[in-house]
Protein chains: 2
Amino acid sequence: MTRRPELHRPEPPRSEPRPGAPTLATVAAEAGVSRQTVSNALNSPELLRPETLERVQEAIERLGYSPNRAARNLRTRASRLIGLKVAPAVEDSANALMDRFLHSLVESTRDAGYHVLLFTGSPTPQPGPEVPVDAPEHVEAPDPLDGYDELLRSAAVDAFLVTDTYLGNPQAAWLEERGVPFVAFGRPWGDPRARHPWVDVDGRAGVMLAVDHLVERGHERIAWVGWQKGSYIGEDRRSGWTDRMHDHGLSTSRLSARGDDTLDFGRRAAHALLDSEQPTAFVCASDTQAMGVMRALDERHLRPGRGLSVVGFDDSLAAQVSTPGLTSVRQPLEQVAVEIVTLLGDLLAHRPIQELGRTLTPTLSVRSTT
Amino acid sequence: MTRRPELHRPEPPRSEPRPGAPTLATVAAEAGVSRQTVSNALNSPELLRPETLERVQEAIERLGYSPNRAARNLRTRASRLIGLKVAPAVEDSANALMDRFLHSLVESTRDAGYHVLLFTGSPTPQPGPEVPVDAPEHVEAPDPLDGYDELLRSAAVDAFLVTDTYLGNPQAAWLEERGVPFVAFGRPWGDPRARHPWVDVDGRAGVMLAVDHLVERGHERIAWVGWQKGSYIGEDRRSGWTDRMHDHGLSTSRLSARGDDTLDFGRRAAHALLDSEQPTAFVCASDTQAMGVMRALDERHLRPGRGLSVVGFDDSLAAQVSTPGLTSVRQPLEQVAVEIVTLLGDLLAHRPIQELGRTLTPTLSVRSTT
DNA sequence: GGCGCGGTCTGGATCGTTCAAATGATAACC
DNA sequence: GGTTATCATTTGAACGATCCAGACCGCGCC
């Protein structure tokens with residue numbers, strides 16, 4: 001706009017290295033200030049005189065400058081990356097939470113100036129020439145902590161998001177022990193001493209919603225199809241069923257089935273329950289099991305709906321598109337992501353965290369099966 | 001196990017800066033060599049004398065050293081990160097490819113010494129103090145290229161993986177124009193001049209599999225339920241139907257319906273086709289539409305199976321767990337991921353790429369609906 | 001006039017790694 | 001024996017950002 005054609009480099013004074021992305025020094029020269037001033041313009045603009053700031057910003061825009069991440073990371077000892085371990089995709093299950101959660105998470109992290117780095121366990125051969133170092137320990141059972149250590153020591157990420165905290169998560173304790181910053185999606189179930197931040201969804205309350213919904217529709221013999229004992233999450237969800245049933249003065253006796261989180265178990269459990277106890281409704285610990293119940297009903301030529309109801313858990317895509325549509329407990333994953341990123345921000349800025357854990361309440365997506 | 005208690009650092013020789021992760025220099029001192037030698041031990045071990053190498057490796061292990069990523073990135077001008085833009089999760093559709101693909105991708109990249117960085121479009125406020133710079137251009141329509149530029153200029157990623165190449169993908173052309181290294185999942189449909197590497201799945205062949213399968217079971221009136229004209233992918237898949245039908249000497253006349261990729265369109269299309277043309281089988285461009293067809297059948301109290309068949313596309317979890325199980329065309333996503341990473345590797349190593357595009361053949365997951 | 005002061009801005013050092021070139025040691029050759 | 005080649009290792013200088021200490025400026029006050 002306003003001309004300042006003083007230095008238009010009619011010829012390169014020193015042979016510039018190809019197109020070479022602009023650096024702080026380039027911008028500084030262009031704006032006629034020092035490197036540090038450009039740096040301040042980006043990181044602490046309130047330190048600059050307005051007119052200087054404008055001049056620098058113009059130069060930045062003109063050159064299309066973005067600060068080099070590696071250099072910044074090196075100097076500040078922060079990568080602005082959050083590590084997330086992706087678990088193997090499970091087939092033949094409805095459990096596709098990841099999609100929905102991931103997008104929310106990436107959005108939330110972006111707003112906080114972070115990015116998500118995905119990694120996975122199993123042998124991580126050092127990048128570099130393939131020297132098959134005969135490392136016997138790599139042959140052992142898959143270590144749930146695998147991958148975390150390396151990323152942390154190399155300062156590749158600032159913090160982790162730990163999602164698979166079921167089963168008394170060993171890695172939470174391990175990470176905490178090492179002072180690794182991380183937030184867990186899932187309560188530190190078995191560990192009252194845990195001092196790390198976490199976000200979780202109140203599965204118990206979700207199941208209670210389901211029970212209330214069914215009672216409203218006149219059901220009294222409401223069965224539970226859930227996971228084996230030993231799963232904290234499973235027991236938590238189940239407690240929503242038992243407690244709420246009792247609240248309503250209903251019996252839970254002989255109405256509970258526990259087994260694997262598979263379609264087939266749901267199917268067999270439904271058959272068994274129908275044979276012996278004639279329940280009129282099923283509440284399940286997962287959509288996968290619920291789909292199994294649906295299959296059993298189908299095999300008996302029974303139609304889920306008002307008279308015979310099924311409720312799942314997770315509001316998976318399968319629940320949404322199957323026929324009939326499956327009523328299901330929906331986790332507020334978008335909100336979970338926001339909370340997690342908030343906690344991560346506090347953690348990394350060393351801000352004090354008031355409440356270590358936050359529990360969010362799910363909702364019920366009502367469809368044709370109830 | 002074997003004891004090596006020689007240096008138990010009884011007191012810090014020089015005031016060490018807190019725990020302070022070990023650096024090259026630390027390891028060098030420990031092993032009694034120079035920094036560069038340690039670096040070589042990691043990156044070009046063949047340069048070292050075996051005994052020196054072993055000594056250095058021991059020191060590395062003893063100190064638990066991992067090279068600092070930021071420093072390495074800065075020096076080598078490479079981040080060993082692949083950028084992947086995540087699209088908004090779509091609800092009420094069966095399209096949950098991402099889960100399965102993502103895991104394979106992360107595994108493949110790990111084996112190649114890379115990681116996946118997720119990002120998303122929309123306003124990316126500069127990380128740093130919240131100065132609400134009134135940037136009017138941020139208010140405009142969502143730019144599909146948004147995010148790429150910034151990550152590239154800041155050298156945050158080495159290359160991109162572009163997945164949403166349907167609809168004549170503008171960003172592929174844009175990235176190519178700027179010389180950005182990237183690989184596309186999806187052919188450069190409308191652009192014969194495209195010179196970037198890509199991997200794709202032969203949807204046409206997949207649909208042909210479906211048609212063959214149905215013809216084998218005695219079907220002759222096989223209908224198509226697909227997407228609107230204008231979608232390259234949609235037309236490609238549809239061509240598998242028309243061509244294969246004709247190969248079998250079957251008519252396609254009036255047996256085709258096109259519309260949105262929604263459950264409801266599939267449902268309405270099925271009703272309309274059943275009213276007028278009495279098809280005995282449906283081949284669909286997606287599982288979402290197929291689930292719609294299933295719903296229509298259910299509404300007419302028709303049962304999919306041998307006599308009346310439905311085939312979907314994507315082999316989503318919904319197809320797997322719904323009742324009855326939906327026969328569906330399955331994309332070899334694991335293989336896609338491997339090919340993509342191979343291409344990315346070649347690209348980044350500036351190795352010549354023989355064939356720019358690779359097309360993989362899907363399979364058919366047969367279930368109860370056929 | 002000298003001093004202190006807060007607000008701006010600058011120059012040098014630094015983060016931890018790899019690159020390029022130099023060094024020392026050892027063997028090979030005529 | 002001296003020159004050359006080869007190997008193993010070291011040394012110094014980058015990469016591009018931020019941190020730190022200090023310089024400069026104009027101003028008000030004693």
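What you see below is based on every heavy atom in this structure, not just the backbone, and it leaves out hydrogens, waters and symmetry mates. Proteins get letters first, then strands, A, B, ... in listed order; numbering begins at 1 in each.
- Rounding to whole angstrom units, CG of residue B:N73 and P of C:dT18 are separated by 10 Å.
- For B:Y148 and B:F119, the ring centers are positioned less than 6.0 Å apart.
- By the side-chain contact (heavy atoms from CB on, under 4.5 Å) test, A:R178 is found to be paired with A:D149, A:W174, A:V180, residues two or more places apart in sequence or in another chain being considered.
- Following rounding to the nearest Å, B:I60 (CD1) and C:dT17 (P) show an atom-to-atom distance of 10 Å.
- Salt bridge annotation for B:E107-B:R110: present, with a cationic side-chain nitrogen under 4.0 angstrom from a carboxylate oxygen.
- In this structure, A:R72 places its CZ atom 21 Å from P of C:dT17, rounding to the nearest Å.
- A:N43 places its CG atom 16 Å from the C1' atom of C:dC9, with the value rounded to the nearest Å.
- The environment of B:R195 atom CZ is sparse: at most 12 non-hydrogen atoms of other residues, nucleotides or ligands sit within 6.0 angstrom.
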Protein-proximity profile, nucleotides 8-15 of chain D, B/S/- by nucleotide at the 4.0 Å heavy-atom cutoff, equals SSBBBBBB
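- One atom, CG of B:L42, and another, P of C:dT18, lie 7 Å apart when rounded to the nearest Å.
- Nucleotide C:dT17 holds its C1' atom 14 Å from the CZ atom of B:R80, rounded to whole Å.
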Check the pair B:R62 / B:E30 against salt bridge (Lys or Arg N to Asp or Glu O under 4.0 Å), numbers first and verdict last. CA-CA 9 Å; B:R62 189 160 45 235; B:E30 179 86 4; 2.8 Å; yes
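- Between B:A156 and B:L81, the shortest heavy-atom distance links the atoms O-CD1, 3.5 Å.
- B:R69 places its CZ atom 20 Å from the C1' atom of D:dA17, with the value rounded to the nearest Å.
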